[in-house]
J.: 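Take this structure first; my questions come after.
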There are 2 protein chains.
Amino acid sequence: MKPQSINVEKVLRDKGFKLTKQRVEIFKEILGKRGHFEVEDIVHRIRRKGLKASRATVYRTLNILKEVGLLNEVVKFGNKTYYEIGTKEHHDHLICLNCGKFIEFHDNRIEEVQDQICGQFNFKPLYHRLEIYGICEDCNKNIKTDR
Amino acid sequence: MKPQSINVEKVLRDKGFKLTKQRVEIFKEILGKRGHFEVEDIVHRIRRKGLKASRATVYRTLNILKEVGLLNEVVKFGNKTYYEIGTKEHHDHLICLNCGKFIEFHDNRIEEVQDQICGQFNFKPLYHRLEIYGICEDCNKNIKTDR
DNA sequence: AGAAGTATGATAAAGTTTCTCATTGCAAAT
DNA sequence: ATTTGCAATGAGAAACTTTATCATACTTCT
């Protein structure tokens with residue numbers, strides 16, 4: 001199956017949202033991106049292409065996409081919010097404190113621990129977020145050989 | 001051992017920071033709190049007591065405490081940063097999306113998974129953050145019986 | 001008590017995100 | 001194809017969090 005073939009137009013229509021030029025442009029930008037991004041990324045990309053969508057519209061659109069599940073808010077880091085496409089399976093992140101790289105991973109044991117802990121507290125889990133901060137392989141090499 | 005007996009004054013002196021009225025007041029507020037708090041909590045508490053420490057000083061002091069390890073930044077949630085005293089052992093959090101309550105827990109399996117995953121990616125972990133979002137026991141009861 | 005240098009307060013400023021409201025544009029009905 | 005109703009947009013204001021600036025005040029060391 002092609003991940004690019006998500007029919008954003010259909011999803012939005014079904015939820016009663018209108019399909020505007022701006023939204024289409026923003027979708028394209030987001031779907032064209034593989035990794036993680038922040039709002040200003042999108043604003044600048046749109047601008048650079050000579051398209052027009054105000055900052056407010058970008059924010060509004062991202063919130064809608066989040067609402068319909070096409071976008072996930074991933075990490076709040078250094079006062080910024082990072083997003084990723086929300087249609088892949090759940091995963092967690094390694095985040096390099098040196099270069100800011102995000103590495104994705106998945107491990108079922110996390111879910112197991114989650115279910116067990118939540119059972120203990122009668123807590124109904126909806127989602128989780130695990131971020132492991134540290135130094136990635138590349139940076140580790142460079143730091144070691146930098147002097 | 002008494003957790004209250006952390007000698008903030010000594011820690012600061014040793015690191016070359018001066019001991020001012022404002023810092024002492026802010027320490028007291030923080031050490032007096034058991035749970036998690038945000039910056040405005042502290043600002044308002046200080047004000048309500050008729051003490052004086054500007055918002056800037058509160059921010060500066062929290063950053064110093066973070067630097068010397070007496071304070072941990074815990075969660076960024078809804079554009080706010082939450083803190084907790086940094087002298088307890090590591091733990092993670094269940095966060096209730098309804099009432100905002102934080103519940104602490106610890107499970108060694110998280111560390112095991114972390115080490116193994118990081119090994120796979122040659123990633124050097126420094127710390128992690130696991131937040132499980134959902135509905136706490138109390139809220140769950142209330143929501144169910146609310147109508 | 002005095003000197004040296006850090007900390008503070010008030011305010012400005014930077015940065016992110018939301019709100020306002022007049023105008024525009026989409027889409028459904030005519 | 002036009003009209004019409006309502007949702008969406010843009011531009012700027014505004015809210016909010018956090019940091020920077022800089023003259024003045026306070027700590028600490030001698």
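Keep in mind it's a predicted model, so treat the numbers as computed, not measured. In the text below, chain A, chain B and the rest are named by the order of the sequence lines, each starting its count at 1.
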J.: Quick test of your reading of the model: are Glu104(A) and Lys88(A) salt-bridged, counting only N-O distances below 4.0 Å?
T.: yes

J.: Please produce a list of atom pairs where a protein N or O lies less than 3.5 Å from an N or O of nucleotides 16-18 of chain D.
T.:
unit_1	atom_1	unit_2	atom_2	d
dT18(D)	OP1	Thr81(B)	OG1	2.7
dT18(D)	OP2	Tyr59(B)	OH	2.8

J.: Can you list, by residue number, the residues of residues 43-54 of chain B that have a non-hydrogen atom closer than 4.0 angstrom to DNA chain C?
T.: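 Contacting residues: Lys52(B), Ala53(B), Ser54(B).
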
J.: Reading nucleotides 21-29 of chain C from the 5' end, what letters show protein touch, with B for base, S for backbone sugar-phosphate only, - for no heavy atom under 4.0 Å?
T.: ----BBS--

J.: List the steps and the verdict of side chain to side chain contact (heavy atoms under 4.5 Å, CB included) for Val39(B) and Tyr83(B).
T.: CA-CA 8 Å; Val39(B) 182; Tyr83(B) 294 89; 3.8 Å; yes

J.: Evaluate side chain to side chain contact (heavy atoms under 4.5 Å, CB included) for Tyr59(A) paired with Ile42(A), printing each intermediate quantity in order.
T.: CA-CA 10 Å; Tyr59(A) 272 97; Ile42(A) 303 300; over 6 Å; no

J.: Is Asp41(A) salt-bridged to Arg45(A), going by a charged N under 4.0 Å from an acidic O?
T.: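 Between Arg45(A) and Asp41(A) there is no salt bridge, as every charged N stays at least 4.0 Å from the carboxylate O atoms.
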
J.: Assert yes or no for the condition that the ring centre distance of Tyr82(A) to His36(A) is strictly below 6.0 Å.
T.: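 For Tyr82(A) and His36(A), the ring centres are not under 6.0 Å apart.
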
J.: Should we count NZ of Lys52(B) as having more than 12 external heavy atoms under 6.0 Å?
T.: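 Check fails, neighbour count at 12 or below.
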
J.: Which residue pairs satisfy the side-chain hydrogen bond (donor to acceptor under 3.5 Å, both in side chains) criterion with at least one member in residues 113-132 of chain A, sequence neighbours excluded?
T.: His90(A)-His128(A), Asp92(A)-His128(A), Gln114(A)-His128(A), Gln116(A)-Arg109(B), Asn122(A)-Glu137(B), Glu131(A)-Tyr133(A)

J.: Taking for each residue the nucleotide of DNA chain C with the nearest heavy atom, is it Arg23(B) or Ala56(B) whose nucleotide lies nearer the 5' end?
T.: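 In this pair, the answer is Arg23(B).
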
J.: Please output the side-chain donor-acceptor pairs of residues 19-28 of chain A that fall under 3.5 Å, not counting sequence neighbours, one pair per line with the distance.
T.:
unit_1	atom_1	unit_2	atom_2	d
Thr20(A)	OG1	Arg23(A)	N	3.2
Arg23(A)	NH1	Lys18(A)	O	2.8

J.: If the threshold is 4.0 Å, N to carboxylate O, is there a salt bridge linking Glu40(A) and Arg55(A)?
T.: yes

J.: So if I take the C1' atoms of five pairs at each end of the helix from dA1(C)-dT30(D) to dT30(C)-dA1(D) and get each local axis, what angle do the two axes make, rounded to 10 degrees?
T.: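 Here the helix ends are tilted 30° relative to one another.
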
J.: Thinking salt bridges, do Glu29(B) and Lys49(B) make one under a 4.0 Å N-O criterion?
T.: yes

